[in-house]
Amino acid sequence: MTYRTDHATDLDSTRIGDTVSVAGWVSRRRDHGGVAFIDVRDASGIVQVVADPASIPVVEDLRMEYCVSITGAVRERPEGTVNEELATGEIEIHADEVVVLSPSKTLPFMLDDRTEIEERTRLRYRYLDLRRPRMAENLRARSRVTATIRRTLDGMGFLEVETPTLIRSTPEGARDMLVPSRLRQGDFYALPQSPQLFKQLLMIGGVERYFQIARCYRDEDFRSDRQLEFTQLDLEGSFWTQAEVLDTVETVLKTAATEIRGGEMTEPFLRVTWQEAMDRFGSDKPDIRFGMEIVVLDDVFADTEFGVFSGALTSGGTVRGINAGPRELSRAQADVLVERAKELGAKGLVWMQVTDDGSLRSSVAKFLSYDEKTGLVSRLEAEPGHVLLIAADRWQTVSAVLGGLRLDLGRPQGHDDLAFLWVTDFPMFEVEDDGSRTFSHHPFTSPALIEDMVADPDTALSQAYDAVLNGVELGSGSIRIHDPAVQRQVFEVLGIDAETAERRFGWFLDALDYGTPPHGGFAFGIDRLAMVLQGEESIRDVIPFPKTQTGVDPMTEAPAEVDDTQLTELGIRLRPEVIAARAEDTETGEVSRGDV
RNA sequence: GGGGGCGUAGAACAGUCUGGAGUGUUCGCCGGCCUGUCAAGCCGGAGGUCGCGGGUUCAAAUCCCGUCGUCCCCGCCA
């Protein structure tokens with residue numbers, strides 16, 4: 001037999017009279033007794049089948065999601081029964097034969113897109129969830145994105161190269177996922193956080209243009225845009241300047257966006273420096289789909305009597321504000337904003353609302369002079385009804401607080417618009433809470449000017465850059481250090497002595513000594529790109545089998561314990577406190593997972 | 001590590017504030033009727049550890065404590 005001759009959406013009025021077979025799933029069955037309608041769904045879409053239960057009794061047995069093959073004649077729908085909503089709505093298949101290939105149990109949830117099913121249940125039955133139109137479309141879109149990327153880079157002469165996923169742990173950056181070695185008990189591989197050093201070695205190896213669609217692993221806490229494992233487009237080139245890297249990545253992103261969204265993207269991506277991004281938007285990954293930019297108010301309050309502002313200014317801080325536009329602001333709503341500001345690191349938050357007569361309603365208005373109030377209103381272009389939010393602190397804190405509130409109050413729902421952005425000129429280093437200095441990108445990033453870095457590391461800029469889309473950090477890259485002497489200087493500034501550097505990265509530093517070409521590159525998250533292009537709010541909706549926030553796959557119940565013999569082979573024994581904690585969980589009968 | 005939301009039938013919810021019999025809605029499921037539907041319709045029916053444990057009370061889905069799960073956020077994410 002033949003399961004099918006055509007996909008559902010291959011059929012239209014030009015096929016009227018043809019005898020065809022379609023195969024797929026019963027999306028709906030509408031049984032009128034004397035006649036039954038069956039919506040058959042396959043990967044292409046839906047086509048309606050009409051069957052006479054008297055001549056084909058099996059249609060009485062059909063239930064949702066039965067897997068079927070149906071043969072019959074394509075015919076025009078009778079007058080008045082055309083379904084405009086359906087691509088195949090002008091025709092239907094008059095069934096001659098209905099074969100149940102595979103029945104289905106009653107579904108754990110409905111597969112249409114009309115109700116939001118709890119995500120855990122969807123993940124428990126992900127194979128069913130993937131049949132839902134939205135998820136099926138996300139899978140297809142993602143495939144088109146990667147196909148487009150491959151086509152584009154191949155056309156530019158890039159070589160696709162795979163790098164190992166069992167590598168040596170380099171305990172910088174994120175926490176490594178570890179894999180124990182059986183052949184060398186006590187030693188561990190790490191899964192790559194990125195192919196960073198391997199792609200640089202490919203440059204040294206003479207591969208002048210490299211890319212890879214690479215799975216990466218970072219053992220950090222989950223967010224709506226973060227998973228333990230994710231996929232990056234990783235690319236690198238030799239004899240490349242920053243401008244050339246950005247142009248190439250921009251082309252790739254544009255073709256991918258065009259592939260999914262259509263239209264044509266002619267405008268170059270906006271470029272801002274890191275400092276400008278922080279000052280204007282309070283974020284190194286600004287969402288520029290809306291304004292509400294941060295405004296400096298230092299001069300307005302230069303002589304203020306208001307202690308919170310004057311205190312910040314005299315201690316080298318700053319006073320800045322945003323105009324959150326016209327909105328309601330009850331006392332309770334204001335309290336929520338203040339709490340949120342504190343969560344973002346502020347000691348407090350000054351809120352005001354411009355009243356109809358132009359005066360300011362605020363708990364602190366009485367502390368401000370007339371000039372200060374008028375200056376504030378004019379600087380923030382405030383009009384009656386507008387809500388103004390002002391923070392005073394170190395500029396980093398003020399930026400974080402106002403940047404966070406700006407997103408809370410102004411960020412558009414969904415991803416209908418696409419606002420790409422380059423953020424360049426990242427600082428070379430960051431100061432940690434304990435006062436130590438760390439790299440802000442990675443330790444192989446080239447400083448903008450080596451002289452600046454030596455003179456004042458904490459203000460020195462690097463040749464690192466990020467790509468941002470709708471406030472989502474898609475990825476980052478940099479021009480790398482190709483001069484071993486510069487690499488040594490960077491380690492020195494980072495407080496990594498030669499011996500430590502040799503122990504951790506010796507294998508890589510050796511390679512730098514053999515005629516390393518100047519090189520640089522970039523990597524961006526395919527999952528995040530697909531998420532935004534598909535208008536999704538969660539990375540999990542573009543990953544076929546993602547994990548929950550606690551790192552669990554509700555379907556397979558990974559991670560799970562392994563046989564003791566497996567541990568023995570690896571020379572591993574669980575620590576006593578771990579065994580004790582697990583025993584306690586078992587005793588109290590608590591179910592840690594899988595309780596669906 | 002911390003803050004917050006949620007957890008009631010197979011699914012999505014209401015009920016919880018203000019304690020009084022597992023009360024209800026929609027979808028699904030089972031049975032019946034039905035020849036033009038497309039979320040078909042009509043009639044009937046089944047289905048519940050109110051996440052779990054403890055406490056308060058004559059009485060707990062409801063109040064209190066703990067805990068598990070899940071989602072969002074802060075920290076973390078070179």
Side-chain angles (χ1 to χ4, degrees), chain A residues 27-39 46-54 63-65 77-86 88-89 92 105-125 128 170-176 192-194 196-197 216-228 230 336 339-345 400-401 404 407-408 426 429-430 432-433 438-445 462 464 473 476 478 494 523 525 537-538 540 547-550 552 554 584-585 588-596:
Chain A
S27 186
R28 287 276 175 184
R29 184 188 62 133
R30 293 175 293 280
D31 189 346
H32 290 234
V35 63
F37 302 95
I38 305 153
D39 289 343
I46 285 176
V47 66
Q48 172 168 289
V49 172
V50 186
D52 174 11
R63 296 292 181 273
M64 277 191 286
E65 297 306 311
R77 290 199 187 189
E79 182 90 29
T81 63
V82 168
N83 184 350
E84 307 279 352
E85 309 275 302
L86 213 56
T88 57
E92 60 194 9
K105 294 210 295 189
T106 299
L107 298 170
F109 52 87
M110 295 295 286
L111 300 191
D112 57 53
D113 282 337
R114 282 194 305 276
T115 48
E116 289 284 323
I117 309 299
E118 197 180 329
E119 200 168 343
R120 188 188 164 84
T121 308
R122 291 170 55 199
L123 294 181
R124 168 73 181 82
Y125 300 97
L128 295 178
T170 53
E172 324 299 315
R175 202 173 288 113
D176 275 329
Q193 297 178 28
S194 82
Q196 182 59 39
L197 293 179
C216 303
Y217 305 83
R218 295 178 190 173
D219 190 5
E220 297 292 346
D221 288 351
F222 287 69
R223 283 285 192 286
S224 57
D225 64 351
R226 280 167 26 189
Q227 283 272 307
L228 288 190
F230 58 99
V336 169
E339 277 311 304
R340 173 64 175 161
K342 286 179 178 168
E343 189 179 39
L344 292 163
V401 169
L407 286 178
D408 290 349
F426 273 73
F429 304 105
E430 291 170 10
E432 301 236 54
D433 290 340
T438 185
F439 40 83
S440 57
H441 187 53
H442 59 60
F444 313 102
T445 299
S462 68
E473 181 191 325
S476 55
S478 65
L494 285 167
E537 295 295 317
S538 167
R540 295 183 298 276
K547 291 170 184 61
T548 69
Q549 220 162 51
T550 50
V552 170
E584 195 174 326
D585 280 355
T588 55
E590 278 158 5
V591 181
S592 61
R593 67 175 86 99
D595 185 27
V596 170

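Numbers restart at 1 for each chain; the letters A, B, ... are given by sequence-line order, proteins then strands.
What separates CE of A:Met64 from C1' of B:C29 is a distance of 9 Å, to the nearest Å. If you measure from atom CG of A:Leu111 to atom P of B:A12, you get 13 Å, rounded to the nearest angstrom. Rounded to whole angstrom, the span from the CD atom of A:Glu220 across to the P atom of B:G1 amounts to 13 Å. Spacing between atom OH of A:Tyr217 and atom C1' of B:C77 amounts to 17 Å, rounded to whole angstrom units. With rounding to whole Å, A:Ile117 atom CD1 is found 5 Å from B:A12 atom P. We find that CZ of A:Arg30 is positioned 16 Å from P of B:C42, with the value rounded to whole Å. Per the geometry, CG belonging to A:Leu407 stands 11 Å off P belonging to B:C73, to the nearest Å. For the pair A:Glu343 CD and B:G2 C1', the computed distance is 9 Å after rounding to whole Å.
Using a 4.0 Å heavy-atom cutoff across all strands shown, A:Pro78 reaches at least one base atom of the nucleic acid. Using a 4.0 Å heavy-atom cutoff across all strands shown, A:Glu119 reaches sugar-phosphate atoms only and no base atom. Backbone-only engagement by A:Arg540 is indicated by non-hydrogen atom pairs under 4.0 Å involving sugar-phosphate atoms exclusively. A:Thr81 comes within 4.0 angstrom of a nucleotide base, judged by non-hydrogen atoms across all strands. Contact annotation for A:Arg226: base contact, defined as any heavy-atom pair under 4.0 Å involving a base atom. Contacts of A:Arg340 with the nucleic acid, taken as non-hydrogen atoms under 4.0 Å apart, involve only primed sugar atoms and P, OP1 or OP2. Among the heavy atoms of the strands lying under 4.0 Å from A:Ser194 is at least one base atom, whether or not backbone atoms are also near. Within the 4.0 angstrom heavy-atom criterion, only backbone atoms of the sugar-phosphate kind lie near A:Glu118; the bases stay farther away. Using a 4.0 Å heavy-atom criterion, one finds that A:Glu339 contacts no nucleic acid atom at all. Residue A:Asp112 is out of contact with every strand shown, counting any heavy-atom pair closer than 4.0 Å.
Across all strands shown, B:U16 forms no Watson-Crick or G-U wobble pair with both distances under 3.5 Å. When both pairing distances are held under 3.5 Å, B:C63 makes a Watson-Crick or G-U pair with B:G55. Base pairing annotation: B:A11 forms a Watson-Crick or G-U wobble pair with B:U26, both donor-acceptor distances under 3.5 Å. Checking B:C6 for Watson-Crick or G-U wobble geometry (two distances, each under 3.5 Å) identifies B:G69 as its partner. Across the strands present, B:G41 finds its partner in B:C33; the criterion is a Watson-Crick or G-U wobble pair with both atom distances under 3.5 angstrom.
When each of B:U70, B:G75, B:G10 is scored by its nearest atom to the side-chain atoms of A:Thr548, the top-ranked nucleotide is B:U70. The nucleotide whose nearest atom lies closest to any side-chain atom of A:Arg28 is, among B:U37, B:A39, B:C73, B:A39. Across B:C38, B:G10, B:C76, the shortest atom-to-atom separation from the side chain of A:Pro108 is found for B:G10.
Under 4.0 Å is where a charged nitrogen must lie from a carboxylate oxygen, and between A:Asp39 and A:Arg30 at least one such pair does. Ion pairing between a basic and an acidic side chain is recognised when a charged N comes within 4.0 Å of a carboxylate O; A:Arg340 and A:Glu343 show such pairing.
Between the side chain of A:Arg114 and the base of B:A39, at least one donor-acceptor pair of N or O atoms lies under 3.5 Å. Below the 3.5 angstrom threshold, one finds no donor paired with an acceptor across the side chain of A:Arg63 and the base of B:C30. In the interface, the side chain of A:Glu92 is paired with the base of B:G36 through a donor and an acceptor atom under 3.5 Å apart.
A:Arg226 and A:Asp221 get closest at one heavy-atom pair: NH2-O, 2.6 Å.
Listed pair A:Gln193 / B:C77 fails the phosphate criterion, with no side-chain N or O lying under 4.0 Å from OP1 or OP2.
For B:A40, the base is stacked against the aromatic ring of A:His32, per a cut-off of 5.5 Å between centres and 30° between planes.
Considering A:Thr81, A:Val50, A:Val49 as possible partners of A:Phe37, the one that fulfils the side chain to side chain contact (heavy atoms under 4.5 Å, CB included) test is A:Val50.
With hydrogens and angles ignored, the 3.5 Å screen pairs a side-chain donor or acceptor of A:Arg218 with a backbone N or O of A:Gln193.
With RNA chain B read from its 5' end, the first of the two nearest nucleotides for A:Thr550 and A:Pro443 is the one closest to A:Thr550.
Other residues, nucleotides and ligands place more than 12 heavy atoms under 6.0 Å from the CD atom of A:Glu432.
At a threshold of 4.5 Å between non-hydrogen side-chain atoms, the residues A:Leu228 and A:Phe222 count as touching.
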